[in-house]
Amino acid sequence: MHRILNIVKNKYVIASLAFIVWMLFFDRNDLSSQYHYQSQLKELQQEKEFYTKEIEKVENDLNDLTSDPKKLQKFAREKYFMKKENEDVYVIIHE
């Protein structure tokens, strides 16, 4: 019992415990902050994957539109309701 009391009274043990408690709970990078940063990092990595896939899709579409005039015409007609001189366009909206 006396030996344990001497260890607890040791200034290095007290300083080490105070440092550990400070780093775990009161520091700017404490445990809760680290958990929050990890979850935020995971979320951002998922967003990065999503946008990378979207960029690939858009690049493929752009390549198709620049290489094939029929696909370009179809895209212009469907998205921007463009028409030829002698045509009429009717837009049907389904409710």
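Side-chain atoms are counted along with the backbone in the values below, which use heavy atoms only and exclude waters and symmetry mates. Along the sequence shown, the residues carry numbers beginning at 1.
Distance check, rounded to the nearest 0.5 Å: NZ of Lys74 to CG of Asp64 gives 11.0 Å. Ser39 OG to Gln34 CD: the interatomic distance, rounded to the nearest 0.5 Å, is 11.0 Å. Remark: Ser33 OG to Gln38 CD distance equals 12.0 Å, nearest 0.5 Å.
Here the side chains of Glu59 and Asn63 are not in contact, with every heavy-atom distance at 4.5 Å or above.
Under the 4.5 Å side-chain heavy-atom criterion for grouping Ile, Leu, Val, Met, Phe, Trp and Tyr, Leu17 is not connected to Met23 through any hydrophobic cluster.
Take Ser32 and apply the side-chain contact (heavy atoms from CB on, under 4.5 Å) test, not counting sequence neighbours, and it matches Asp30. Scored by the side-chain contact (heavy atoms from CB on, under 4.5 Å) test, Ile14 finds no partners at all (sequence neighbours excluded).
Each ring-ring contact (aromatic ring centres under 6.0 Å, His included) pair with one or both residues in residues 22-67, not counting sequence neighbours, appears once here: Trp22-Phe26. For the salt bridge (charged side-chain N to carboxylate O under 4.0 Å, His left out) condition, the pairs that include at least one residue of residues 81-91, sequence neighbours left out, are Arg77-Glu87. Within the structure, every pair that satisfies the salt bridge (charged side-chain N to carboxylate O under 4.0 Å, His left out) test and touches residues 47-58, not counting sequence neighbours, is listed here: Glu54-Lys57.
Through side-chain heavy atoms spaced under 4.5 Å, either directly or across other Ile, Leu, Val, Met, Phe, Trp or Tyr residues, Ile55 is tied to no other residue. Side-chain contacts under 4.5 Å among hydrophobic residues (ILVMFWY), followed directly or transitively, place Met82 together with Leu65, Leu72, Phe75, Tyr80.
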